[in-house]
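Predicted, not measured: the structure shown is a model, and the values here were computed from it. Atoms within each ligand, like the ligands themselves, are counted from 1 in listed order.
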Amino acid sequence: MEINDQERWARVKGRLKAEVGDDVFSSWFARMDLEGVNNDTVRLSVPTRFLKSWVQSHYGDRVLNCWQAEEGKIQRIELTVRSAVLRTNATKPAANGQAAPFETRMAKPGADEPRQPGHQSAMTNDALGGSPLDARLTFENFVVGRSNTLAHAAAKQVAVARRGDSVMFNPLYIHAGVGLGKTHLLHAVTWAGNAGGERKVLYLTAEKFMYGFVSALKTHTALAFKEALRGIDVLVIDDLQFLQGKNIQAEFCHTLNALIDAGRQVVIAADRPPTDLENLDDRVRSRLAGGLVVEMGPLGEELRLEILKGRIAAAKSHHESFTVPDEVVEFIAKSVTHNGRDLEGALNRLLAHSKLTGQPVTLEMAEREVRDLIRPQEPKRVKIEDIQRIVARQYNVSRSDLLSSRRTANVVRPRQVAMYLAKTLTLRSLPEIGRRFGGRDHTTVLHAVRKIEGLVGTDSALADEIELLKRQLQE
Ligand code: ADP
Ligand code: MG
């Protein structure tokens, strides 16, 4: 290679650095070498395939332009992965033919960068330590029911796969509402997948992914972060709906593609299907939708019962005296919402109560403790006839009095109350209510509703009366 070429390359690098900034430059170009120049083609090399595809897709044109600025005849940039690096790092051969050797090496990012070792490892530990795992969220403690059979089976499949097994679905994308077991399943995959020590399963929340990347960029080590990511067999990302920011998404997209192309498993959970992730661009969405997308439904009553029993047994192992009568378990399973978190919350309250007071858990106590977690019942449909009947009874008038045109005070007020209740407890329109009250005009109904609304604010006896009537009607 001519000396001139190296000098030119140094100037090209200078241009690149000026254009993209120090951070980006040191992340992506610091380890790019010039291999040679042939006529109109410049051959450059980078140490990893990942780096190659990243630079190609994001900075290909830019590199070419910078070269052309130095030497007009250059038409093409050819980027290769340096084989020398491969050889020096091939000390630990891949366990099978499946994984390319350079990828195995990536489990130790920065190993070939002795210049700043402390820096590298600190970043790597932080970025790739993964998010903390909850020891209780295992497959053993995961109850399988109709709503989660498929998600569970797929997760299990991922967890028991061995290095080199062909990947059946990629990514595995699980979506469900809050508290329906996504995180539980993802932790379970991570625990089980790492158990054998053969594979590395990394669990990251989307926030951790973003944080890791941003902080890595700040410390000029995005490269190491990327490569370390590539050293894992299964990447598990929780709460993908929180992934934000254009750069982060580009980064995520690239990581996803690189991992999937390299035959690595990706598992993702989010609170909505890929098509509803408005923040992500179309390519990412379609990539996400291209694997196996599984929804987990609400926890059915049976499932809730089983989850509760498991939780109680676990609590009992720490607090021997904690016993929950069957009727209480059934009550909670029946009445507490579909959400697993509320089930846990309900149980924690019983536990706290029984520990603090030393009192046994009873149905009455449970009803009191978990009142606010109880799923609102479908509001009962109230009929206008019922309103008229109950109001008439309350004020000791007849129903026909309410419908009549009599305007004596003892009928007018109950009639207004009844119309007010009809408006607030049913979906009937004002004209419809008017018709049902002896063919009155809708303005009469409106007047009655306003009148009572006004009085309720000042007349507490009337307010109580109306409360009582409402309760009778809704029971
Ligand atoms: P998500 O991540 O979907 O919001 P989590 O995984 O955090 O929900 O679950 C909320 C709570 O419900 C956790 O305590 C979890 O252990 C429990 N849970 C949900 N589904 C199940 C299940 N199928 N078996 C056992 N526990 C479950
Ligand atoms: Mg979660």
Side-chain angles (χ1 to χ4, degrees), residues 130-159 171-193 201-211 235-244 266-274 276-277 288 293-318 322 324 329 332-352 370 373-375:
S131 302
L133 292 179
D134 185 331
R136 295 169 311 168
L137 303 183
T138 60
F139 277 121
E140 288 73 47
N141 296 334
F142 189 85
V143 185
V144 184
R146 206 170 348 118
S147 59
N148 59 25
T149 312
L150 185 56
H152 172 263
K156 194 91 197 204
Q157 175 82 34
V158 167
L172 167 59
Y173 185 106
I174 297 171
H175 66 101
V178 167
L180 301 185
K182 300 182 295 294
T183 296
H184 191 143
L185 211 47
L186 261 45
H187 282 212
V189 167
T190 312
W191 284 122
V201 183
L202 183 69
Y203 171 86
L204 293 174
T205 59
E207 276 163 335
K208 180 90 181 180
F209 181 89
M210 297 193 292
Y211 170 76
L235 178 65
V236 179
I237 296 197
D238 202 354
D239 286 325
L240 187 70
Q241 72 274 6
F242 293 134
L243 198 77
Q244 280 165 0
V266 177
V267 183
I268 286 165
D271 68 353
R272 62 199 80 171
D276 293 356
L277 290 166
L288 290 174
V293 177
V294 194
E295 180 173 10
M296 290 200 286
L299 306 169
E301 191 178 323
E302 269 170 49
L303 205 54
R304 298 203 294 270
L305 199 61
E306 288 309 308
I307 292 174
L308 276 173
K309 284 182 184 164
R311 283 295 166 109
I312 291 168
K316 229 178 145 48
S317 68
H318 294 108
F322 184 56
V324 185
V329 184
I332 295 178
K334 242 192 196 31
S335 51
V336 170
T337 57
H338 308 296
N339 179 328
R341 282 185 206 169
D342 289 348
L343 283 183
E344 199 182 1
L347 210 57
N348 285 342
R349 287 187 202 177
L350 297 190
L351 186 60
V370 307
L373 297 178
I374 289 179
R375 181 161 25 113

S.K.: I want to check something: taking the side chain as every heavy atom from C-beta on, are Val267 and Leu235 in contact at a cut-off of under 4.5 Å?
M.R.: no
S.K.: Of the non-hydrogen atoms in Tyr203 and Pro132, which two are nearest, and what is the gap between them?
M.R.: CE2-O, 4.2 Å
S.K.: Enumerate the protein N/O/S atoms at a distance below 2.8 Å from the Mg ion (ligand 2), ignoring waters.
M.R.: Thr183 OG1
S.K.: Under the rule for salt bridge (charged side-chain N to carboxylate O under 4.0 Å, His left out), what residues qualify as partners of Glu344, not counting sequence neighbours?
M.R.: Arg136, Arg311
S.K.: Is the count of non-hydrogen atoms from other residues, nucleotides or ligands lying under 6.0 Å from Glu302 atom CD greater than 12?
M.R.: no
S.K.: Should we say atom CZ of Arg146 is surrounded by more than 12 heavy atoms from elsewhere, each under 6.0 Å from it?
M.R.: no
S.K.: If you look at each N/O of ligand 1, which protein N/O atoms lie under 3.5 Å away, and at what distance?
M.R.:
from	atom 1	to	atom 2	distance (Å)
ligand 1	2 (O)	Thr183	N	2.9
ligand 1	2 (O)	Thr183	OG1	2.8
ligand 1	3 (O)	Leu180	N	3.3
ligand 1	3 (O)	Gly181	N	3.1
ligand 1	3 (O)	Lys182	N	2.8
ligand 1	3 (O)	Lys182	NZ	2.8
ligand 1	4 (O)	Gly179	N	2.7
ligand 1	4 (O)	Arg341	NH2	2.7
ligand 1	6 (O)	Lys182	N	3.4
ligand 1	6 (O)	Thr183	N	3.1
ligand 1	6 (O)	His184	N	2.8
ligand 1	8 (O)	Gly181	N	3.1
ligand 1	14 (O)	Arg311	NH2	2.9
ligand 1	14 (O)	Glu344	OE1	3.0
ligand 1	16 (O)	His184	ND1	2.7
ligand 1	16 (O)	Arg311	NH2	2.8
ligand 1	23 (N)	Val143	O	2.7
ligand 1	23 (N)	Asn148	ND2	3.2
ligand 1	24 (N)	Val143	N	2.8

S.K.: Just to verify, what does His184 make a side chain to side chain contact (heavy atoms under 4.5 Å, CB included) with, not counting sequence neighbours?
M.R.: Leu137, Asn141, Phe142
S.K.: Of all the heavy-atom pairs spanning Asp134 and His187, show the shortest one and how long it is.
M.R.: N-ND1, 3.0 Å
S.K.: Which atoms form the tightest heavy-atom contact between Met296 and Asn148, and what is the distance?
M.R.: SD-CB, 3.6 Å
S.K.: Kindly determine whether Leu172 and Ile268 satisfy side-chain contact (heavy atoms from CB on, under 4.5 Å), including the steps that lead there.
M.R.: CA-CA 6 Å; Leu172 167 59; Ile268 286 165; over 6 Å; no
